[in-house]
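Just below is one structure, and these are the notes that go with it.
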Amino acid sequence: MNARTLPLDPFGQHGIDESIDIAIIGTGFAGLGMAIRLKQSGVTDFVVLEKAASVGGTWRDNHYPGCACDVQSHVYSFSFAPNPRWTRMFARQPEIRAYLENCVQRFGIGPHLRFGHALANATYDEAAHRWRLTFANGKRLSARVLIAGMGGLSRAALPAIPGVDTFEGAAFHSQQWDHAYDLDGKRVAVIGTGASAIQFVPQIAPRVKHLALFQRTPPWIMPKPDRALTKLERWMFRALPFTQKVVRSGLYWMLESRVLGFAVHPSLMKNVQKLALRHIRRQIPDPALREAVTPDYTIGCKRILISNDYYPALSRQNVDVVTTGIARIEPNAVVTTDGRRHEVDCLIYGTGFQVADPYPRGAIVGRGGLDIVDAWRDGAHAYLGTSLPGYPNFFMIVGPNTGLGHNSMVFMIESQVEYILGALKSMRRERADAIEVRPLVEARYNDRIQSQLTRAIWSTGGCKSWYLDPRSGKNTTLWPGFTWRFRQASAHFSMADYHAYQAPRHETAVRPATTQNASAASAEAA
């Protein structure tokens, strides 16, 4: 690797431990996918910085009972690294984590990894066109290019409930599951009914003495077409790799067709809703419980979940679904707004993640000292979910409006990775040390995205969801259409969409690169 340890910052600042060309943050699908493709492209001067002691991202951090993917295994993997050893149609967390660990070994990424590097701050040095990174372990690093692969499901969201700090029992978020705590025979309160809760509730319900599930808004749930893959299928995928490609392609287009109801013709969701209602009727015999778990908004407005065992778990004698709001938490109880005290030994938060605010204040600081939190005061935005004005040489993977409600995120990740590779190649070709997306290009792009989203089910379905930014009400999370459209839009990098700069050699002033596209400059001025 070409990264070098330096006693001095090459630009005159003391304390830099390492100077490299490309720094990647995170070792989930995004960070590892970027690293693998860089290496395959012949680029070796990069490091992948990870806060934990192992790779995996979301699939390392989330290890609660029942944790599994809600997208079929064959499409939830890299196109360049098929896995013929999946054991189920929907892979469980240990298998997905093992798959990512295998990718590290298979593609030789290990020497590029830096564990125990939790990013504290990344600040852009405008004079030198370099990113200065500091980490919680005290290390400091200088990089020309910064690529964030941290993802939107990395920061747990905890509810602001009065008295939560007074609770004397065990309390943890599903992302920080306490496996050392014995749930057997305990009175447990689960707050939240999102994607994580519907997976872990069926796993813990048979073990606990009593489970009180505090539901604010019920989710729509569809049957999960999961099963174990047969020995014949697994042999076929190993011996005849093209068969797995055929299955992957079929699954992709089947999933892709679902966008017709989400974003093209929302009226189609009425038929899907009938199937979900039938699922409730078949699995819940009690009319009162059926009513409690039946949403009052159009299916698709919030994330559609899949499960075969959630509704049966709610029907157990030791499980209560509480729809009354929570007033406060006491040392040994949850008190609802009707004054009822629900005595519990343990609180488990199934309250999701801070999707609207993926970066804490101070983490990413761009040109002129602008914190990305302030740049996103009215909601997150980026060009192709990847680049942002004011943040040269900064690329995001799984950035704003790249999330999906119908297909595999790995497809979107690979599209962004290839776009970033195109940007890096263009920079080398045009000898640009730094590039920054033009504000007008980014603004027009996001205006189009928001216009398309106003017609989608996520805006017309009559609900509030984590897809929407709480400050602006905009959907800053989802891509509003077919994933192949995103790949088409991101297939070719155009330098005309960017300002290009050369790092100063004998002066500190920033000046445009001599190879900057003249027509692009004219378009920006217009």
Side-chain angles (χ1 to χ4, degrees), residues 1-3 5 18 20-63 67-69 71 73-88 91-119 133 135-137 139 141 143 145-154 175 234 237-238 241 244 248 395-398 408-418 420-421 424:
M1 192 168 67
N2 295 330
T5 301
E18 194 173 12
I20 49 91
D21 192 46
I22 302 169
I24 304 168
I25 309 296
T27 60
F29 273 96
L32 292 182
M34 188 76 246
I36 292 168
R37 290 294 293 124
L38 280 172
K39 189 165 185 179
Q40 289 179 331
S41 300
V43 178
T44 58
D45 192 0
F46 69 89
V47 294
V48 190
L49 303 142
E50 169 58 53
K51 64 182 179 181
S54 60
V55 303
T58 293
W59 297 104
R60 176 201 59 240
D61 294 342
N62 288 274
H63 44 77
C67 184
C69 191
V71 174
S73 312
H74 296 300
V75 291
Y76 201 78
S77 50
F78 294 123
S79 63
F80 53 79
N83 178 19
R85 290 176 291 276
W86 293 124
T87 63
R88 302 193 64 83
R92 294 170 179 169
Q93 178 265 342
E95 275 196 277
I96 300 174
R97 182 178 180 181
Y99 168 76
L100 291 172
E101 291 171 341
N102 178 263
C103 285
V104 170
Q105 299 300 319
R106 178 177 174 183
F107 295 100
I109 302 302
H112 298 270
L113 299 176
R114 300 284 188 276
F115 294 116
H117 279 64
L119 182 67
L133 282 65
F135 299 89
N137 62 6
K139 298 288 186 180
L141 182 148
V145 176
L146 176 61
I147 302 173
M150 292 176 272
L153 305 181
S154 57
Q175 189 188 47
R234 295 165 68 184
F237 296 148
R238 289 195 304 271
Q244 191 172 24
R248 178 186 174 96
F395 302 99
M396 293 169 279
I397 306 176
V398 194
S408 171
M409 275 305 302
V410 181
F411 185 90
M412 301 292 279
I413 287 170
E414 287 195 45
S415 299
Q416 289 187 280
V417 164
E418 295 305 312
I420 295 169
L421 284 176
L424 297 176

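For the numbers below, each heavy atom of this structure counts, side chains included, while hydrogens, waters and symmetry mates do not. Positions are given from 1 along the sequence. Everything numeric here is computed off the predicted structure, so don't read it as measured data.
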**Request:** Start with the C-alpha gap between L119 and F135, add the side-chain angles, then the distance that decides, and say whether side chain to side chain contact (heavy atoms under 4.5 Å, CB included) holds.
**Result:** CA-CA 5 Å; L119 182 67; F135 299 89; 4.0 Å; yes
**Asked** Run the side chain to side chain contact (heavy atoms under 4.5 Å, CB included) check on I20 and L141 step by step: do they pass?
**Response** CA-CA 8 Å; I20 49 91; L141 182 148; 3.8 Å; yes
**Request:** Evaluate the criterion side chain to side chain contact (heavy atoms under 4.5 Å, CB included) for residue pair N102 and N83; output intermediate values, then yes/no.
**Result:** CA-CA 10 Å; N102 178 263; N83 178 19; over 6 Å; no
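Counting only distance, with no hydrogens or angles, the side chain of S408 and the backbone of V410 share a donor-acceptor pair below 3.5 Å.
Evaluation of the side-chain contact (heavy atoms from CB on, under 4.5 Å) rule for A35 yields I24, F46, V48, I109 as partners, not counting sequence neighbours. Taking the ring-ring contact (aromatic ring centres under 6.0 Å, His included) definition, one finds that F78 meets it with F29, F80, sequence neighbours left out. With sequence neighbours excluded, the residues that form a side-chain contact (heavy atoms from CB on, under 4.5 Å) with S77 are W86, Y99, R248.
Under the 4.5 Å side-chain criterion, counting only non-hydrogen atoms from C-beta, C67 is in contact with W59. In this structure, the side chains of M34 and L421 come closer than 4.5 Å at one or more pairs of heavy atoms. In this structure, F395 and V145 have side chains that are in contact, with non-hydrogen atoms separated by less than 4.5 Å.
Distance check, rounded to the nearest 0.5 Å: OG of S73 to CD of E95 gives 6.5 Å. Residue R37 holds its CZ atom at 4.0 Å from CD of E418, rounded to the nearest 0.5 Å. Here the straight-line distance linking atom NZ of K51 with atom CZ of R60 works out to 6.5 Å at 0.5 Å rounding. With rounding to the nearest 0.5 Å, the separation of CD in E414 from CD1 in I36 is 9.5 Å. Note that CZ of R114 and OG1 of T27 are 13.5 Å apart. Values are rounded to the nearest 0.5 Å. In this structure, CD1 on I25 lies 13.5 Å from CE on M396, to the nearest 0.5 angstrom.
With I22 as the fixed residue, the side chain to side chain contact (heavy atoms under 4.5 Å, CB included) test singles out one of I147, I420, D45, V47: I147.
Across every non-hydrogen atom of K39 and G108, the tightest pair is NZ-O, 2.6 Å. Of all heavy-atom pairs between Q93 and N62, the closest is CG-O, 3.1 Å. The two residues S54 and R97 have their closest heavy-atom pair at OG-NH2, 2.8 Å. Heavy-atom minimum distance, A23 versus L49: CB-CD1, 3.9 Å. Between A30 and V398, the closest heavy-atom pair is CB-CG2, 4.4 Å. In plain terms, the two heavy atoms of H117 and K139 that are nearest each other are NE2-CG, 3.8 Å.
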